[in-house]
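Computed from heavy atoms alone, side chains included, the values below leave out hydrogens, waters and symmetry copies. Please read all numbers here as calculations on a predicted model, not as lab measurements.
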Amino acid sequence: MSQPKRKEETLGIEMTGHEALACVLRELGIKVVFSSQDLPSFIKETLKSKEIKVEDSPTVRGAVLMADSYARENNTTGVVIQIPGSGLLEAVDIVAQAFMDSVPLLLISSIRSYRDAGRSRLGELRTNEDLSNIFAPITKFREKIISIEEVTVNIEKANKEALSNRNRPSYIEIAEDLFRLKAYPLSTAGQKPEKRTPDKNTAAKVGELLVNSTRPVIIAGYGVTASNAEDDLREIVELLDIPVISTFRAKGVIPASNGLYAGEGIGIVGTDEGNRLLENADVIVALGTRFGQLSTGGWTFKFKANLVHNNIDGEDIGKVIMPQLPAVADTGLFIKEVLNVVKTKVKEKIDRGIKKEIMTYRKGIILASHTDLWPYDVIRLLSQMKNYSKVFVDLSATTIDAVRLPIENKKSWFISSSVISHGMAIGGLIYSSDPKTIGITDVRSMIQNAALLESKINSAKGKLLILNDGGSNYIDTSRSDVPFVMKSDVFYDVDRRLEKGLGAITISTYSELKDVLKNDSNKLEIYNIKIDKCFNSVVLQRA
């Protein structure tokens with residue numbers, strides 16, 4: 001490879017392709033990358049020489065799953081390096097879920113050769129375009145690197161795009177020929193993520209609406225969390241005495257113990273207090289939400305109010321409901337602008353009596369009489385003990401009641417409402433160093449991701465709660481937009497595998513569950529909780 005004409009535009013050192021890769025990742029502040037155990041040793045050693053930790057998994061799927069959980073927990077890019085790139089095919093579902101959930105991943109893949117493709121090398125597809133084309137619908141940025149000079153600038157750009165506006169995965173392919181060649185990589189350009197700024201007039205109108213309305217309600221979506229806007233939102237609602245309803249993914253935007261929190265979900269999956277407030281509202285401001293099918297119970301919510309709908313782009317505005325006032329902008333910047341408007345108009349806190357009203361509408365959850373354990377028995381015990389700091393949930397028929405778990409701290413709740421992939425609870429626990437982390441999962445996820453858990457079982461911490469109904473129940477949305485719990489004829493007996501392979505403790509009674517949840521341990525504890533196959537959910541009805 002020839003040296004660029006202007007050496008001052010380069011890093012000034014001749015490097016191989018993998019050295020340039022490690023160099024730019026360090027420049028970007030990347031501390032850890034995720035890969036399968038067959039990552040070439042010379043790449044692994046080069047990364048370690050740049051003080052970049054390589055977290056490996058026995059499978060590519062496991063590596064991408066860990067990167068996804070890492071990105072969600074730390075609100076930053078989860079970096080995956082997979083050589084050869086075709087191994088990423090086993091993780092397409094995880095990348096697709098990250099795309100739908102607005103999670104920033106940086107997928108660094110490879111093509112076997114840019115010079116003489118198509119020679120049926122190991123791990124090579126028919127053409128050099130095939131793998132990129134497969135990932136095209138589920139990544140926001142794709143680039144192929146066939147010269148060492150462009151390694152640094154293209155990876156920097158991919159990382160920037162993953163974190164700009166709506167966070168989503170970016171995809172890079174590096175020709176493996178570059179690992180055996182040397183050249184002078186270009187200098188990084190200091191590119192920063194871009195965030196769409198709000199229209200000041202729109203923000204001013206929203207501020208006016210919130211101040212002058214008599215019964216405003218705010219629906220807070222994941223965009224509030226992704227844009228680090230929890231504190232500004234809390235300041236607005238406490239200043240104006242406005243109730244907040246969160247989507248399933250946005251729990252923790254304000255503490256569950258805050259009197260202005262009216263629960264999570266709307267429509268048939270919402271709380272009584274939340275739905276009553278929505279029905280009586282005169283202004284609803286929806287922040288950073290797409291009004292997803294699950295969080296809205298198949299769009300069953302009712303309201304007569306004027307609707308303001310904010311989201312990072314116009315992709316989802318108007319798809320479910322046409323708002324009277326659309327607000328396309330980064331949710332954090334939009335909330336900050338609205339807060340500035342509100343502060344100029346209101347100097348002392350307004351008291352609308354909302355906290356008392358919420359308590360009036362709120363109803364306790366009462367379960368029908370039953371003998372065996374139901375999912376909400378588990379959630380109620382966790383709620384009473386409050387000995388958890390972070391919670392990762394694989395959403396399914398047996399785990400959906402976990403959305404009623406009180407969450408006090410921001411960025412301590414992790415769940416997907418797209419339900420394309422399973423394993424977040426396992427991925428989150430594996431990389432957590434906090435013994436108070438809780439993972440809530442089901443049988444299907446355990447079957448799919450057992451190898452990853454087995455490989456990390458000695459280093460992980462926290463509690464993994466497997467709500468085990470034998471895989472007999474599922475969420476059905478095929479018959480109707482409204483989600484229901486359906487029972488199938490399927491039953492997987494995995495008790496022996498969980499007990500012998502993972503050291504899981506099988507729990508069959510309420511008293512046993514209460515005893516083990518009290519345990520404090522500095523290592524991973526796995527509980528196989530036997531759930532009645534005919535349980536009732538407190539969130540979804542049975543079909």
Under 3.5 Å: donor-acceptor pair, side chain of N310, backbone of A329:
yes
Below 4.0 angstrom, N of the basic side chain to O of the carboxylate: do K345 and E208 qualify?
yes
Side chain of D232, backbone of I335: donor and acceptor closer than 3.5 Å?
no
Enumerate, atom names and distances included, each donor-acceptor pair closer than 3.5 Å involving a side-chain atom of residues 482-493, sequence neighbours excluded.
from : atom 1 : to   : atom 2 : distance (Å)
S488 : OG     : S472 : O      : 3.2
S488 : OG     : V490 : N      : 3.2
D493 : OD1    : D495 : N      : 3.4

Verdict with reasoning, N167 to S102, per side chain to side chain donor-acceptor pair (under 3.5 Å)
CA-CA 5 Å; N167 295 348; S102 303; over 6 Å; no
If I compare all heavy atoms of N165 with all of I312, which pair ends up nearest, and what's the gap?
C-CG1, 3.4 Å
Spacing of L429 atom CG and S69 atom OG [to the nearest 0.5 Å]
9.0 Å
Heavy atoms only: give me the nearest S508-K530 pair and the separation to one decimal.
OG-CG, 3.9 Å
Trace of the salt bridge (Lys or Arg N to Asp or Glu O under 4.0 Å) decision for K386 with E408:
CA-CA 10 Å; K386 294 183 170 61; E408 292 296 315; over 6 Å; no
Partner residues of T202 under the side chain to side chain donor-acceptor pair (under 3.5 Å) criterion, sequence neighbours left out
D199
I358 and L277, any side-chain heavy atoms less than 4.5 Å apart:
yes
Less than 4.0 angstrom from a charged side-chain N to a carboxylate O is my criterion; do R196 and D330 meet it?
no
Beyond-backbone contact of L325 with V285, side-chain heavy atoms, under 4.5 angstrom
no
Report the residue from V538, L367, I365 that forms a side-chain contact (heavy atoms from CB on, under 4.5 Å) with R380.
L367
From CG (D351) to CG (L240), nearest 0.5 Å
12.0 Å
Got a salt bridge between R61 and D93, using NZ or NE/NH1/NH2 to carboxylate O under 4.0 Å?
yes
As a quick check of understanding, evaluate ring pair (Phe, Tyr, Trp, His ring centres under 6.0 Å) for F248 and Y222, giving each step before the final call.
CA-CA 8 Å; F248 285 174; Y222 179 70; over 10 Å; no
What I'd like to find out is whether the side chain of D272 reaches to under 4.5 Å of the side chain of R362, using heavy atoms alone.
no
Which value, rounded to the nearest 0.5 Å, describes the distance between T225 atom OG1 and N75 atom CG?
8.0 Å
Distance-only, no hydrogens or angles: does the K251 side chain make a donor-acceptor pair with backbone N or O of I415 under 3.5 Å?
no
Test item: D241 side-chain N/O and G353 main-chain N/O as donor-acceptor pair under 3.5 Å
yes
Using modelled atom types only, decide if a donor and an acceptor are shared between the side chain of K463 and the backbone of N519 within a distance under 3.5 Å.
yes
Considering only NZ, NE, NH1 and NH2 on the basic side and carboxylate oxygens on the acidic side, decide whether E525 and K518 come within less than 4.0 Å.
no
Any donor-acceptor N/O pair, N74 side chain to T76 backbone, under 3.5 Å:
no
Exam field: side chain T300 to backbone G267, donor-acceptor pair closer than 3.5 Å
no
All heavy atoms of L517 vs all of L381, minimum pair found to be CD1-CB, 3.9 Å
Nearest 0.5 Å, what's the CE-CD1 distance between M66 and I426?
12.0 Å
Pair R168, E315 - check salt bridge (Lys or Arg N to Asp or Glu O under 4.0 Å), show working.
CA-CA 14 Å; R168 274 177 167 163; E315 180 179 319; 3.2 Å; yes
Taking side chain as C-beta onward, heavy atoms only, is I321 less than 4.5 Å from H309?
no
Near-ring test Y376/F535, centroid separation under 6.0 angstrom
no
Given 3.5 Å as the limit, does a donor-acceptor pair link the side chain of T271 with the main chain of G274, or not?
yes
4.5 Å side-chain heavy-atom contact, F99 and T139
no
Donor-acceptor contact present, side-chain T360 to main-chain K356, <3.5 Å
yes
Taking the side chain as every heavy atom from C-beta outward, state whether V80 and L88 have any atom pair closer than 4.5 Å.
yes
Ionic contact status for E230 with K411, cut-off 4.0 Å
yes
Checking side-chain contact (heavy atoms from CB on, under 4.5 Å) for the pair K514/M385: CA distance, chi angles, key distance, verdict?
CA-CA 9 Å; K514 189 173 183 179; M385 295 180 179; 3.8 Å; yes
Output the distance between atom CG (D377) and atom CG (L513), rounded to the nearest 0.5 Å.
8.0 Å
Determine whether I440 and I379 make a side-chain contact, defined as any pair of heavy atoms from C-beta on separated by less than 4.5 Å.
yes
Pair F34 + Y431: ring centers closer than 6.0 Å:
yes
Please name all residues satisfying side chain to side chain donor-acceptor pair (under 3.5 Å) with Y261, sequence neighbours left out, ordered by chain then number.
S246, E264
Taking NZ, NE, NH1 and NH2 as the nitrogens, is one of them in K533 or D372 under 4.0 Å from a carboxylate oxygen of the other?
no
Please check if the side chain of T247 supplies one atom and the backbone of G221 the other of a donor-acceptor pair under 3.5 Å.
no
Closer than 4.0 angstrom, basic N to acidic O: yes or no for R72 and D68?
yes
Verdict with reasoning, I219 to I284, per side-chain contact (heavy atoms from CB on, under 4.5 Å):
CA-CA 7 Å; I219 299 174; I284 298 171; 3.8 Å; yes
Check ion pair E357-R215 (N to O, under 4.0 angstrom)
yes
Would you give the length of the straight line joining atom OG1 of T331 to atom CG of L287, rounded to the nearest 0.5 angstrom?
6.5 Å
Using a strict cut-off of less than 4.0 Å between a Lys/Arg side-chain nitrogen and an Asp/Glu carboxylate oxygen, indicate whether K410 and D231 qualify as a salt bridge.
yes
Do other residues, nucleotides or ligands put more than 12 heavy atoms under 6.0 Å from the CD atom of Q384?
yes
Show the nearest heavy-atom pair for residues M424 and D394, with the distance to one decimal.
N-OD1, 2.5 Å
Do V391 and F414 have side chains that approach each other closer than 4.5 Å (heavy atoms only, starting at C-beta)?
no
Minimum heavy-atom separation for S433 and P435, please, with both atom names.
O-CD, 3.6 Å
Pair N468-I529, side-chain contact (heavy atoms from CB on, under 4.5 Å): steps then yes or no:
CA-CA 6 Å; N468 182 0; I529 304 171; 6.0 Å; no
Return yes if a side-chain donor-acceptor contact under 3.5 Å exists between D434 and S389, otherwise no.
yes
Just by distance, no angles: are the side chains of N536 and H370 close enough, under 3.5 Å, to form a donor-acceptor pair?
no
Test side-chain contact (heavy atoms from CB on, under 4.5 Å) on W374 and D469 and set out the steps.
CA-CA 9 Å; W374 285 3; D469 66 338; over 6 Å; no
